[in-house]
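Here the structure is laid out as structure tokens; the discussion comes afterwards.
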Protein chains: 2
Amino acid sequence: MSDSETSKRTRRGSGAITLHDVARLAGVSPITASRAINKPEQVSPELLKRVEDAVARTGYVPNRMAGGLASSRSKLIAAVVPSTVISVFNETIEALNNTLFDSGYQLMLGQSDYSSEREELLLDSVIGRRPDGIFLAGVMQPGKGRTRLMASGIPVVETWDLTPTPIDMLIGFSHKDIGLAVANYLIQKGKKHLAVIRAGDERADRRTVAYQEAIAQAGLPPPFVVNVGGERSIHSGRAAMAKILADAPKTDAVFCSSDLLALGALTEARHQNIEVPNQMAVMGFGDVPFVADMLPALTTVRINGGKIGQLAAQYLMDRAEGKTVSEPIVDVGFSIIERDTA
Amino acid sequence: MSDSETSKRTRRGSGAITLHDVARLAGVSPITASRAINKPEQVSPELLKRVEDAVARTGYVPNRMAGGLASSRSKLIAAVVPSTVISVFNETIEALNNTLFDSGYQLMLGQSDYSSEREELLLDSVIGRRPDGIFLAGVMQPGKGRTRLMASGIPVVETWDLTPTPIDMLIGFSHKDIGLAVANYLIQKGKKHLAVIRAGDERADRRTVAYQEAIAQAGLPPPFVVNVGGERSIHSGRAAMAKILADAPKTDAVFCSSDLLALGALTEARHQNIEVPNQMAVMGFGDVPFVADMLPALTTVRINGGKIGQLAAQYLMDRAEGKTVSEPIVDVGFSIIERDTA
DNA sequence: ATGAAAGCGCTAACAT
DNA sequence: ATGTTAGCGCTTTCAT
């Protein structure tokens, strides 16, 4: 209200209420106002109340960019995921976000679209924000991005995979073991002519290779493989199943790289009056929230995505606060959920 | 390498490479280094090259918190959505994120979980980051949150709905018109005993009320209503359909508040050998990416979510850059996609 | 085209 | 328990 500002160089900032305004109104020094807001136990009840009143009256919202700059603690966590639309990572992101929010952290979301070029751009953009931690969906392949990440010194958690050489922390499971387990599950169900509908990524590759190995070990003919590349949709699942039915008609079981692909395979099987699971077993991967309730209910590989997200958030926050994480590499495992389709 | 730092109060920052380091290495002043990076056309080729080399050699990544503080431009956009797991907003968020990223903006994601208490907390947290714009999934009800948002002066775009009193910009469509259109569509197909499976939110309410109106207008008996509250799953869709079949057996058409609910309804119908669409028509809402390829393919209301996201991003960025948005209120409409189930 | 000075809004470090 | 001072790393303003 009563301002007498005189300066040669003027450079009014955002115009928003600042800590100084609040302090002046409360009749205290800025640092006391800061403490009243962030560490109320360090301030006498009397002054605390005056500051609180001033905050309420002005509608002051602290500028976290300024705070972050001053304290080198941004209270930001970045997540880098390949895709956000109906992806297996959704549950993980939601859990991550919720856990972070409850402790006053904010989530920045970056999408790499399965492109490593874009991922590198994204990483620089992310590092520039100086987040207190970075969540990665997957394990980062060696390259410029990985190097820069390590150089940044920011705590990193890689997820949804296992590797002997993590950047930092790791919360995942073995894709190889899944390939093995699924093949053996199907074989034990009496299936003889296995197939696989796989995505183009490297994790799908490891599952497929293990699947092939287990099949070879059992003395069965090698599986028919359809690689759908980046097309993880129901549509491509249908097309893939059509191809299997046409080119490898003896097939009696298919392992799909994702639940969506499995749903597509199932759709095509129904379309062609193939009886599931006797004539054709179908398994998915991911156990996205709705496949349990469909008819037939999908037999699939379940990953506890929520647990991964929650744990990752905790680890990142612990590290941001200087604590050491006692078990920085965790295998959360997986389970085969037996339902109607296999 | 050769440092001789002497100061009484030491407070080493993050320890990362700063613009000063780059400038020193390039033999220019910090401001020249800054210009070389941000406005290269203002710097002579000679110095530009020296700065670029220094950046490459040091692996310098600008600290955007510092830059944001100095310029009052964070290059951050915040999105507030109720949920991220298989929600109709996913496509919008992805488009928003992609459009922003291409212009150097980053997305912060906040989840309100359909709770207005949480939404208020979230809003303060978001405002504290001083984003250049805020994306809202839905329109914000009057209240403390809305007031604070308006007071913040940050550009806001509300979406997925229409209102005569937007906070700022608005990109949506009429839920009332959808209720009307769906009812008339079903009626015109010869359906006489309509029902609705709705969620608990206010938008679903408006669709339902309009649906009831249109039915009344046509002289048909009022629809049987099942309110699933916050349970937007396939599971609750199944349960709701079971209830309809038990309590209102004459029902020959159901409009569902979401595609997932519709899928559940369809599942139950199949389970009870109800023939779709003749005996029972089912319509969804949202046209999530996979319902088109299922068997039967779902007849549903399609919203161009991608367009909303892309437009919202553009509007927010324009406003952040001081441009005026010529048409700040847009009705993107909707369409009924006729497929197998109605 | 380049640079010096000032300061964005906050908190860490050092008093008292 | 409260205050003073000096930055955090950058960009604006003004000068050359």
Side-chain angles (χ1 to χ4, degrees), chain A residues 5-24 26-51 55 58 60-75 127-130 132 322, chain B residues 5-24 26-51 55 58 60-75 127-130 132 152:
Chain A
E5 255 138 70
T6 348
S7 55
K8 291 154 70 180
R9 260 129 135 128
T10 315
R11 197 184 157 193
R12 68 164 187 349
S14 54
I17 310 281
T18 71
L19 190 62
H20 272 79
D21 301 327
V22 172
R24 208 186 324 146
V28 298
S29 75
I31 187 65
T32 301
S34 168
R35 285 198 270 251
I37 291 163
N38 300 309
K39 301 160 183 172
E41 71 283 0
Q42 289 185 19
V43 172
S44 67
E46 146 89 38
L47 291 193
L48 181 56
K49 173 133 193 5
R50 267 155 60 189
V51 172
V55 167
T58 52
Y60 169 66
V61 180
N63 184 332
R64 288 198 141 299
M65 288 210 292
L69 181 59
S71 66
S72 312
R73 304 266 335 272
S74 61
K75 282 256 184 179
I127 293 171
R129 302 284 172 182
R130 302 293 190 269
D132 291 339
Chain B
E5 256 142 66
T6 349
S7 54
K8 291 154 69 184
R9 258 128 133 131
T10 315
R11 196 181 156 195
R12 69 170 186 344
S14 55
I17 311 283
T18 71
L19 189 62
H20 270 80
D21 301 327
V22 172
R24 208 188 321 149
V28 299
S29 75
I31 186 62
T32 301
S34 168
R35 285 198 270 252
I37 291 165
N38 299 312
K39 301 160 182 170
E41 72 282 0
Q42 290 186 17
V43 172
S44 67
E46 146 89 37
L47 290 194
L48 181 56
K49 174 139 192 2
R50 267 157 56 191
V51 172
V55 168
T58 52
Y60 169 66
V61 180
N63 183 332
R64 288 197 139 301
M65 287 209 295
L69 181 59
S71 66
S72 312
R73 303 268 333 272
S74 62
K75 284 254 184 181
I127 294 171
R129 303 283 171 183
R130 302 294 190 267
D132 291 339
S152 76

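Chain letters run A, B, ... following the sequence lines, proteins first, then strands; residues in each count from 1.
Rounded to a whole Å, the OH atom of A:Tyr60 is 3 Å from the P atom of C:dC10. B:Leu48 has its CG atom 9 Å from the P atom of C:dT2, to the nearest Å. Rounded to an integer number of Å, the gap from CE of A:Met65 to P of D:dC10 is 14 Å. One can place NZ of B:Lys75 at 12 Å from P of D:dT11, the figure rounded to the nearest angstrom. Distance CG (B:Leu19) to P (D:dG7): 18 Å, rounded to an integer number of Å. Protein atom CG of A:Leu69 is 9 Å distant from nucleotide atom P of D:dC8, rounded to whole Å. Atom CZ of A:Arg24 and atom C1' of D:dG3 are 17 Å apart (whole Å). Taking atom CZ on A:Arg64 and atom C1' on C:dC8, their separation rounds to 17 Å, with Å as the unit.
Shown here are the salt bridge (charged side-chain N to carboxylate O under 4.0 Å, His left out) partners of B:Glu41, two or more places apart in sequence or in another chain: there are none. Partners of B:Arg130 according to the salt bridge (charged side-chain N to carboxylate O under 4.0 Å, His left out) rule, which considers only residues two or more places apart in sequence or in another chain, do not exist here. B:Ser29 meets the side-chain hydrogen bond (donor to acceptor under 3.5 Å, both in side chains) test with B:Thr32; sequence neighbours excluded. Take B:Arg50 and apply the salt bridge (charged side-chain N to carboxylate O under 4.0 Å, His left out) test, not counting sequence neighbours, and it matches B:Glu46. Applying the side-chain hydrogen bond (donor to acceptor under 3.5 Å, both in side chains) rule to A:Thr58 yields no partners; only residues at least two apart in sequence or on another chain are considered. A:Asn38 pairs by the side chain to side chain contact (heavy atoms under 4.5 Å, CB included) definition with A:Ser34, not counting sequence neighbours. A:Ala66 pairs by the side chain to side chain contact (heavy atoms under 4.5 Å, CB included) definition with A:Asn63, B:Leu69, not counting sequence neighbours.
Among the atoms of the strands shown, none is found under 4.0 Å from any heavy atom of B:Pro30.
At its two ends the helix from C:dA1-D:dT16 to C:dT16-D:dA1 runs along axes set 20° apart, each axis drawn from five pairs and the angle rounded to 10°.
Each of C:dT11, C:dC10, D:dT11 was ranked by its minimum atom distance to the side chain of B:Ile31; first place goes to D:dT11. For A:Ala70, the side-chain atoms get nearest to D:dC8 when compared with the rest of D:dC8, D:dG3, C:dA4.
Between A:Ser72 and D:dC8, a side-chain N or O to OP1/OP2 separation shorter than 4.0 Å is absent. Between B:Ser29 and the phosphate of C:dG3, there is a side-chain N or O to OP1/OP2 separation shorter than 4.0 Å.
To the nearest 0.5 Å, atom OG of residue B:Ser71 and atom CZ of residue B:Arg64 are 8.0 Å apart. We find the CE-OG distance between A:Met65 and B:Ser72 to be 7.0 Å, quoted to the nearest 0.5 Å.
Residues from residues 33-45 of chain B placing a heavy atom under 4.0 Å of any atom in DNA chain D, listed by number, are B:Ser34, B:Asn38, B:Lys39.
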